[in-house]
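Position 1 is the first residue of the sequence, and the numbers go up from there.
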Amino acid sequence: MLGKKDWRSFRLYVITGENYHPGRSLTDVMEETLRGGADIVQLRDKNASKADLLEKAKQLRELTARYGVPLIINDHPDIAIAVGADGVHLGQDDMPLAEARRLLGPERIIGISTHNIGQARLAQAEGADYIGVGPVFPTGTKPGRTPVTLSYVSEAAAEIRIPFVAIGGITPDNVDSVLEAGARRICAVSAIVGNADPAGVCRRLLERISRYEAARESSGPAKSCEVTVNGRSVLTDAGTVAELVAQYGLLDRKLVVEWNGAVLARHEWEKTPLENGAVIELVHFVGGG
């Protein structure tokens, strides 16, 4: 076990999904993700027998230990203990967090899947080490699950103080919108392990995360400004119109932005800095008829 002190700065969390790479071994694919920079690996297999799951856990424990990367086991604290894994990940309908902590002790990591801010608050209050926020977009990993959308990512970024990782349908093509909404850690399954070049996809995702980190650092400390949003005066640390829209959880919605009385084209949102006294109208269109 690597210990909790070694893992909190993770950026890219990869979950196994053998159905996405038929003909390629679990360890070969997951080693490619580690070569690409995966910071945490989770073993998730809802269909395997307990014996098969234990064998896979042993293989991944040996692999992740060579790379110094934490191994998380989905659903099964007993298997995590048996192979010396670093922790477990639990869903909303799995073992209660308090019971998992009793079995695992204080040093192992416990992550909890959450689908709304209420679940996130509860997981944080009960002592979860991190939470999953998702599914952000539709995903085959969670068929039938309604996406939480980018609005929940923004809520978690504004309020939750333990690490959270955005998950669900995230790819190199849409990851920017997730980062703009406030995510600092990304999880992917099919986009990585289902690709012919898992290491390359990992590097592309990490490159996007690094760009956002560099942009935040270069901008220096956040400066608050007072603006009027939909007739109400608010104090915000958003630097641009796009960041303000993200704070309201509306980046993925059909939205018209009026900036000081004029409609602001969507491609201008990121380029338009907020300034004291600005008057902004966020007009959200809801489908129907």
Side-chain angles (χ1 to χ4, degrees), residues 1-4 6-7 10 12-95 97 99-101 103-105 107-113 129-130 132 134-135 139-143 145 165 167-170 185-202 205:
M1 192 174 68
L2 297 177
K4 292 201 292 186
D6 300 311
W7 67 275
F10 80 94
L12 183 61
Y13 187 126
V14 181
I15 300 177
T16 64
E18 291 177 87
N19 56 307
Y20 292 111
H21 54 85
R24 305 176 69 195
S25 77
L26 173 66
T27 52
D28 284 349
V29 171
M30 298 314 293
E31 183 160 20
E32 287 191 45
T33 72
L34 292 166
R35 288 173 176 165
D39 298 305
I40 293 183
V41 165
Q42 182 191 132
L43 171 60
R44 181 182 187 273
D45 191 331
K46 297 289 189 178
N47 299 315
S49 68
K50 205 67 173 285
D52 286 344
L53 200 63
L54 179 61
E55 181 57 34
K56 291 175 183 181
K58 290 177 179 177
Q59 294 172 7
L60 289 181
R61 172 70 293 179
E62 180 181 345
L63 175 64
T64 55
R66 292 207 310 268
Y67 284 82
V69 167
L71 172 65
I72 304 296
I73 306 297
N74 186 272
D75 290 351
H76 298 283
D78 55 342
I79 289 182
I81 293 169
V83 303
D86 298 277
V88 298
H89 187 89
L90 303 173
Q92 287 294 312
D93 298 323
D94 294 329
M95 176 183 293
L97 196 156
E99 177 63 14
R101 181 64 72 200
L103 293 171
L104 295 167
E107 294 304 315
R108 281 192 169 93
I109 303 162
I110 299 179
I112 303 291
S113 293
D129 293 299
Y130 76 90
T139 172
T141 306
K142 297 285 186 180
R145 172 82 67 180
V165 56
I167 179 173
I170 299 173
R185 302 169 180 87
I186 298 296
C187 180
V189 186
S190 60
I192 294 176
V193 302
N195 192 280
D197 181 16
V201 178
C202 287
L205 289 170

Test item: [X] side-chain N/O and [Y] main-chain N/O as donor-acceptor pair under 3.5 Å:
X	Y	result
Arg101	Arg108	yes
Thr64	Pro70	no
Asp129	Ile110	yes

Is it true that atom CD of Glu55 has more than 12 heavy atoms of other residues, nucleotides or ligands lying nearer than 6.0 Å?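 Yes - once you tally the heavy atoms of other residues, nucleotides and ligands closer than 6.0 Å, there are more than 12.
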
Indicate yes or no: at least one non-hydrogen side-chain atom of [X] is less than 4.5 angstrom from one of [Y].
X	Y	result
Lys50	Asp78	yes
Pro198	Val193	no
Leu104	Ile81	yes
Arg24	Glu32	yes
Glu18	Lys56	yes
Ile72	Tyr13	yes
Leu53	Lys46	no

Going by an N to O cut-off under 4.0 Å, is there a salt bridge joining Asp39 and Arg185? no

May I ask you to decide whether Glu31 forms a salt bridge with Arg35, counting only side-chain N to carboxylate O separations under 4.0 Å? yes

Smallest separation among heavy atoms of Ala100 and Leu90, with atom names: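 Minimum heavy-atom separation between Ala100 and Leu90: CB-CD1, 3.7 Å.
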
Plane angle bin for Tyr130 and Phe10 - parallel if under 30°, tilted between 30 and 60°, otherwise perpendicular: perpendicular

